Protein chains: 2
Amino acid sequence: MVKSALVRQVEQRLREHDVRFTQGRRAVVDALSRAPGPRSAAELSDQLSPAVPLSSIYRTLAVLEEVGVLAPHLGAKGLTRFELAEWLTGHHHHLVCIDCGSVADVDIPAGQEERVRSLVTQIAEHASFAATDHTLEIEGRCSRCA
Amino acid sequence: MVKSALVRQVEQRLREHDVRFTQGRRAVVDALSRAPGPRSAAELSDQLSPAVPLSSIYRTLAVLEEVGVLAPHLGAKGLTRFELAEWLTGHHHHLVCIDCGSVADVDIPAGQEERVRSLVTQIAEHASFAATDHTLEIEGRCSRCA
DNA sequence: TTCCTTGCAAACGATTTGCATTGGA
DNA sequence: TCCAATGCAAATCGTTTGCAAGGAA
């Protein structure tokens, strides 16, 4: 199996930060790259345990966030889920189910994204806020819970 | 001091749910109505303690959320902040500071909000998702942290 | 009086950390 | 080799809950 472009990008980023890309860290990145949305430490542990113990998953998530490979997503009940950062996967938004709490990624057409971006710029300027990013969170019921 | 329209609306909603509007609950609603953004239990406790103990604040927040007077906002480090629900204060979006973690409310012009709403509708439809609400979260640095 | 609410302290669950051990460049 | 990374268990921290006492209708 060939090494994916994504893995190579992560390798390079870690190298730049003098951080090792170990087995456990590879396993976490791999699991997240296959997931259709953010995942919590516990959810990852379900897949990776006992090969990667929970405490190592937490440490891995912290390190990968620090170097900008992962981005956190804050969910209900104090759960923090992580996903690959947007420079690796592209910009997207979230569909959050108010029943089961699942979070799915959605892409939107470039033209519409452009409209959102310009709106964000206007709002931020007006509020003297230095915007660096934005997310449109759409709450509702997923097809399974509807 | 006259009883504000907001307090009267809350009173009625609680009455409809057979829930008492006690001193402690009034204090929490009052504190949140003065805050320029969502507040956590701990932040409220700083203001209201020892008159209202922390555990009561948590219970109050849970009750007020249940009857739809408050809406939760999930912040970094597992902190949940609450604010008055939009039917009391109007629809708005959030400016989230990536340095200090503060969250401020922003209103946007009706015309632009209409554009966001229609975009949300399109995205949700395309994804077979039953949207009930949305929030545009703008991340960046607040004027104090910039 | 009758429940709903409250206060306190103990319990919980997610996350973090100390420390000795292991493993990768 | 040598220090970063790991595994385990204990410690933290935000939040929840059991239970007895207090308060509003």
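Computed over heavy atoms, backbone and side chain alike; hydrogens, waters and symmetry mates excluded. Just so it is clear, the model here is predicted, and its values are computed rather than measured. Below, chains carry the letters A, B, ... as their sequence lines are ordered, and counting in each starts from 1.
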When every nucleotide of nucleotides 11-18 of chain C is labelled 5' to 3' by its protein contacts under 4.0 Å (heavy atoms), B for base, S for sugar-phosphate only, - for none, what sequence of letters results?
-> ---SBBBB

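Atom CG of L44(B) and atom P of dT15(D) are 11 Å apart (whole Å). Across the protein-nucleic acid pair, D46(B) atom CG and dG14(D) atom C1' stand 14 Å apart, rounded to whole Å. Per the geometry, CG belonging to L14(B) stands 9 Å off P belonging to dT5(C), to the nearest Å. One interatomic measurement links the two molecules: CD of E66(B) to P of dT15(D), which rounds to 17 Å at whole-angstrom precision. In this structure, R15(B) places its CZ atom 17 Å from P of dA24(D), rounding to the nearest Å. Look at CG on L48(B): it is 11 Å from P on dG7(C), rounded to the nearest Å. The interatomic distance linking R26(B) (CZ) with dT6(C) (P) rounds to 12 Å, in whole Å. L61(B) places its CG atom 15 Å from the P atom of dT5(C), with the value rounded to the nearest Å.
The residue V63(B) sits apart from the nucleic acid: no heavy atom pair falls under 4.0 Å. Within the 4.0 angstrom heavy-atom criterion, no nucleotide atom of any strand lies near V52(A).
Ionic pairing of E83(B) and R39(B) is not present here: no N-O contact between side-chain nitrogen and carboxylate oxygen is shorter than 4.0 angstrom. No salt bridge links R25(A) with E11(A); every basic N to acidic carboxylate O contact stays at or beyond 4.0 Å.
Grouped by direct or indirect side-chain proximity (heavy atoms under 4.5 Å, Ile/Leu/Val/Met/Phe/Trp/Tyr only), I98(B) sits alone.
Applying the 6.0 Å contact sphere to CD of Q23(B) captures no more than 12 heavy atoms from other residues, nucleotides or ligands.
Between the side chain of W87(B) and the main chain of V69(B), no donor-acceptor pair closer than 3.5 Å is present. A donor-acceptor pair under 3.5 Å is formed between the side chain of R26(B) and the backbone N or O of F21(B).
Within the structure, side chain to side chain donor-acceptor pair (under 3.5 Å) contacts touching residues 113-127 of chain A (residues at least two apart or in different chains) are H91(A)-E113(A), H93(A)-E113(A), E113(A)-H134(A), Q122(A)-Q112(B).
Considering only side-chain N and O atoms, R20(A) lies nowhere under 4.0 angstrom from the phosphate OP1 or OP2 of dA25(C). For dA24(D), the OP1/OP2 oxygens have no side-chain nitrogen or oxygen of T22(B) closer than 4.0 Å.
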